[in-house]
Amino acid sequence: MRIHKNDVLELVITEINEDGYGVVKIGNYPILIENTLVDEKVKVKIVKVLKRLAYGKVLKVIEPSTHRVPIIDKLGTQIGTTPLQHMAYQHQLDFKAELVKKYFESYQELSDIEVLDTIGMDHPWEYRNKAQVPFRKIDGKLETGFYRRGTHDLIPIEKFYNQDPEIDKTILIVRDILKKYHISAYNEERHAGLIKNIIIRRGYYSKEIMVVLVSTHKDIPYLNKIVEDMIEHVDELVSVILNINPDVTNVIMGDEQIVLYKEDYYKDTLLDNEFYISSQSFYQVNPIQTEVLYKVVKDFAHLKSEDIIVDAYCGIGTISLTLAQDVKHVYGVEIVEDAIAMAKKNAKHNNIDNVTFAAGAAEIVMKEWVDSGLKVDTLVVDPPRKGLEKVFIEASVKTKPHKIVYVSCNPKTLARDLYQYTQYGYQVIKTQPVDMFPQTTHVECVALMSRIEE
Ligand code: SAH
């Protein structure tokens, strides 16, 4: 059967893929349909036909799944911020644990590893502590919102549902201040105009707010007045940054920036420590679940007072400082220099002195540490989505850590890297998914490995 655009078909969904699309295969040819669940019978209109797959849009759910729940955020599925919201939350948690198992099953050595039940949230909405929204002119009006999934068409949005409502509020305040002074919005097609993005970050406990304006150019009219208005209207504002990003790129922030108000940081607390967070630093976006995640890390690490720990990909030192009080020494490494400056400041701020932070690529610094004879008891890694470099794995096993705790935001690279470690005499003991990104398909997971002693 050949599929054509605008065809209307009745189909039964057979699986949900890792991006949250329901899948139906006609022969070997998959049709992807958002807002569907396994076993649902749906009436679908084909909206896009490509060589290797097609996309369909649901016209009607004829036989709904028992796991279906009403949609809360009407636009969230279209923009992709809440693509799983039609799936009952417990089922989302099960789906994520299953996804981890599925990736493990592609390696025989990993196929019977215990994957614990995903730890979810009591209120799985309004969790994000950070928003980055495009600023554009649509039909003559300056708007903030989000792109339609897979496009650069901005849909104006005032309520996001997945982030701290105070952040929603602040976006609108900043938008209206920019409107008041007729500041131009970036136009992607013509690569013209000034403001590209507005970034808001807010401390969950501290309530402190940081505003970053990303602009193509540093000469913005009425800049002083804009900042004065922000100080007047945004409660607990502690930092305003102008970030310059003149390039045609999908990377949001540029390298050059100017501090317009106070300092380039805001603060927040995680478990026992308070952290300074700068605009260029990574910080986990779900503050409630980050504490859960770090407790799992601590539990898996089973610390002893004489332990030497390496925390690779340490960001502003959040995991390092969480573990430091229970061990002899923690070595942290991170590639963003500014994050390491924050990590050092954070150690001092919390009166922790048994930590050493190094700026550099983990794969290079780890090798230097190994060559200088560092003995590691427990290795903690928390790499970005692409996972660990082979050279990192090779260097790390030379120090013969007894335990490795792997924090992963991508089960695919997690499985690949765990398999690598099994080739160097490690066994995987257990894995614990933690839902850091409810209503999305993102899966965060902590794995514990131990060295098989000869
Ligand atoms: N553990 C921290 C940060 C985890 S995010 C936390 O929980 O907050 C991953 C971090 O890895 C980011 O801070 C990123 O800047 C850093 N990173 C990316 N590539 C790296 C590399 N090659 N070497 C060291 N750090 C890297």
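Residues: numbered from 1 along the sequence shown. In listed order, ligands and their atoms are each counted from 1.
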Item to check | CA sep, side-chain torsions, deciding dist, call: Lys101, Glu98, salt bridge (charged side-chain N to carboxylate O under 4.0 Å, His left out) | outcome: CA-CA 5 Å; Lys101 280 183 203 152; Glu98 286 303 321; 3.6 Å; yes
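- Salt-bridge formation is detected for the pair Lys96/Asp435: a Lys NZ or Arg NE/NH1/NH2 atom is positioned less than 4.0 Å from an Asp or Glu carboxylate oxygen.
- Smallest separation of non-hydrogen atoms from Ile199 and Ile252: CD1-CG2, 4.0 Å.
- Glu208 places no side-chain N or O within 3.5 Å of a backbone atom of Tyr266 that could act as its donor or acceptor partner.
- Checked for salt-bridge contact, Asp377 and Lys328 miss the test: no charged N lies under 4.0 Å from a carboxylate O.
- Remark: Arg149 qualifies as a cation-pi partner of Tyr21 under the 6.0 Å distance and 45° angle criteria applied to the six-membered ring.
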Could you tell me, for ligand 1, which of its N or O atoms are under 3.5 Å from any protein N or O, listing the pairs and their distances rounded to 0.1 Å?
{"from": "ligand 1", "atom 1": "1 (N)", "to": "Tyr313", "atom 2": "O", "distance (Å)": "3.0"}
{"from": "ligand 1", "atom 1": "1 (N)", "to": "Asp382", "atom 2": "OD2", "distance (Å)": "2.9"}
{"from": "ligand 1", "atom 1": "7 (O)", "to": "Gln284", "atom 2": "NE2", "distance (Å)": "2.9"}
{"from": "ligand 1", "atom 1": "7 (O)", "to": "Tyr294", "atom 2": "OH", "distance (Å)": "2.6"}
{"from": "ligand 1", "atom 1": "7 (O)", "to": "Asp382", "atom 2": "OD2", "distance (Å)": "3.2"}
{"from": "ligand 1", "atom 1": "8 (O)", "to": "Tyr294", "atom 2": "OH", "distance (Å)": "3.4"}
{"from": "ligand 1", "atom 1": "8 (O)", "to": "Thr318", "atom 2": "OG1", "distance (Å)": "3.3"}
{"from": "ligand 1", "atom 1": "13 (O)", "to": "Glu334", "atom 2": "OE1", "distance (Å)": "2.7"}
{"from": "ligand 1", "atom 1": "13 (O)", "to": "Glu334", "atom 2": "OE2", "distance (Å)": "3.3"}
{"from": "ligand 1", "atom 1": "15 (O)", "to": "Glu334", "atom 2": "OE2", "distance (Å)": "2.7"}
{"from": "ligand 1", "atom 1": "22 (N)", "to": "Glu363", "atom 2": "OE1", "distance (Å)": "3.2"}
{"from": "ligand 1", "atom 1": "23 (N)", "to": "Ala362", "atom 2": "N", "distance (Å)": "2.8"}
{"from": "ligand 1", "atom 1": "25 (N)", "to": "Ile335", "atom 2": "N", "distance (Å)": "3.1"}

